[in-house]
Every structure is written in C-alpha cells, then in structure tokens.
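As structure tokens, the structure follows; a few thoughts come after it.
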Amino acid sequence: TPLNNDKLNPEKGSVQNDAIKEEPIEEEECHRDVPSSSKRVVSQPWIRIGNVPPEQPQPAKKYTPCPFCTTKLLVSAIENHIQLVHKHSWLKFAKRCQEDDCDYRSVHDSHVKQHAEAVHGRTYKNWKNTMRLAFPIMTRCPFCPRFIINVTQFNKHMNNDHPTLTSNEAKIFICDSCSFSTDRCYKMYAHWIERGNRCKGGMGFDYVAAKQAYKQDMIKQQIETRKLANSLKRDS
Ligand SMILES: [Zn+2]
Ligand SMILES: [Zn+2]
Ligand SMILES: [Zn+2]
Ligand SMILES: [Zn+2]
C-alpha cells in the first residue's frame, strides 16, 4: 500500500519531521514565536552533537487520530475502525467499486483499482451474461420483505434502505455450490474465481445470520443515538 511504503523506507529526515509533529510541546513553542531553527535544537539535541538519538520512534508503528472520534490508531487499522465504529461516515468516506454488482469499498483508490483488476475480468463478465448474479424468483431481502432480483438491485436496496447494514459482518451470502458463506458479495466473487469449475452455481442468503445481524445493528444504533443525545445535553 502507498501509505506503508513511506514507513518501510523512511528517510532519516522524514522520521525526524514526524517526531517533531507529534511533540505537543512544539505547538506551545509556536505560539511563543520562537524561531523555527531554535525549535529544532530544543527538541532534538542530538542534531547539535551529531549523534543518533538513543530512542528513535519506530517508523513502522505510526499512530494517527481517527478523523471522527480522535482515538489514536495504527494507520493500517484506521480503515477497519471507521468501517465498524462510524458506519455512516464510512459510507460517505469510502470509495465504492464502480461495478453495480459489487459491494467493495475502500478509502484507498489504489485498493479499489487492485480489487477491480483481480475480480472484474472476463470471468466476471461471463457471470453477468449467464445470469449467475441473478437470484431465484421470489427471493426476498434478508433484512426486509422486499423481493430481490439480482445482486445489483440488492446492493442498491442496501445502500438506500439499510445503509448501516452494508458494513455488517454477518455472513449473509452463501455459495449455492458449497458451504462457503461470507459477509460481502465481492468476497463471493473472489471465492468463485478461486474455486473455478468446482463452484458453478449462484449465491443465496443466510436468513438466520441476517436476522441476528439486524437485531445487533438495531441495538448499536440505539446506543449511538443515546450517546449523541447525551453529548448534546452535556454541551448545552
Ligand atoms: Zn473513530
Ligand atoms: Zn468490485
Ligand atoms: Zn431489505
Ligand atoms: Zn463455493
């Protein structure tokens, strides 16, 4: 990933710059109008004596505050955290794969591109042409009574009517050909590509798993609403 490359090959200068940014003392010094050259000498005395500092911060473990709750997290963990904790923000924040039949999302453009190259090739176009992405007649949404025709319609319906459930972790998709189940249809596509001729059918829904996910989501939403109400009360 592009974000990690920086960390794996850190230039000495950039590591030191990062260290400066994370020093809260620096900010106070800024307000006191200390010239930037003397700032450096204060926070990094080893520059003056020409030695490597005894405890340099580990460049591979960089923590960044979550943009929504300011919890400090590893850069590599932020995406997952936003997806699970800040569902509404995640939906706005992440880029979606351009294919209608797909529910892949990432905050990194490069990840979306890599995913599309891996999944949406000729094999996938064949599935569309052979109606592999269509559901059997009278198939219902696993979260409400609406009838669902195909994966495209299901994804649209999820985004419009069950947005908080689009990032649920319940394995609601089941492969018709084997016992594999997963939480995202893009993972089912990866499964089909991997299985080749061993899995030739379509996919269906696990209604029991979906029902549990629905209940848990309701509880989470209620907790979030209560938290928000409490914080508004505190502020006023
Ligand atoms: Zn957060
Ligand atoms: Zn996709
Ligand atoms: Zn529904
Ligand atoms: Zn399968």
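Read the numbers this way: they start at 1 and go in the same order the structure lists the ligands and their atoms.
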field: Candidate pair Asp101 and Lys128, rule salt bridge (charged side-chain N to carboxylate O under 4.0 Å, His left out), full reasoning
entry: CA-CA 9 Å; Asp101 313 272; Lys128 291 189 82 151; 2.8 Å; yes
- line: With rounding to 10 degrees, Cys102 SG, the Zn ion (ligand 2) and His120 NE2 define an angle of 110°
message: Working to 10°, measure the angle at the Zn ion (ligand 3) formed by atom NE2 of His162 and atom SG of Cys141.
response: 110°
message: Which atom name does His157 have for its N/O/S atom nearest to the Zn ion (ligand 3)?
response: NE2
- request: Kindly report the NE2-the Zn ion (ligand 4)-SG angle for His191 and Cys178 respectively, rounded to 10°.
  value: 100°
field: Exceeds 12 heavy-atom contacts within 6.0 angstrom, atom CD of Gln221
entry: yes
query: Is atom CZ of Phe180 surrounded by more than 12 heavy atoms (other residues, nucleotides or ligands) closer than 6.0 Å?
result: yes
message: Is it true that, when you exclude Lys156 itself, more than 12 heavy atoms of the residues, nucleotides or ligands shown sit nearer than 6.0 Å to its NZ?
response: no
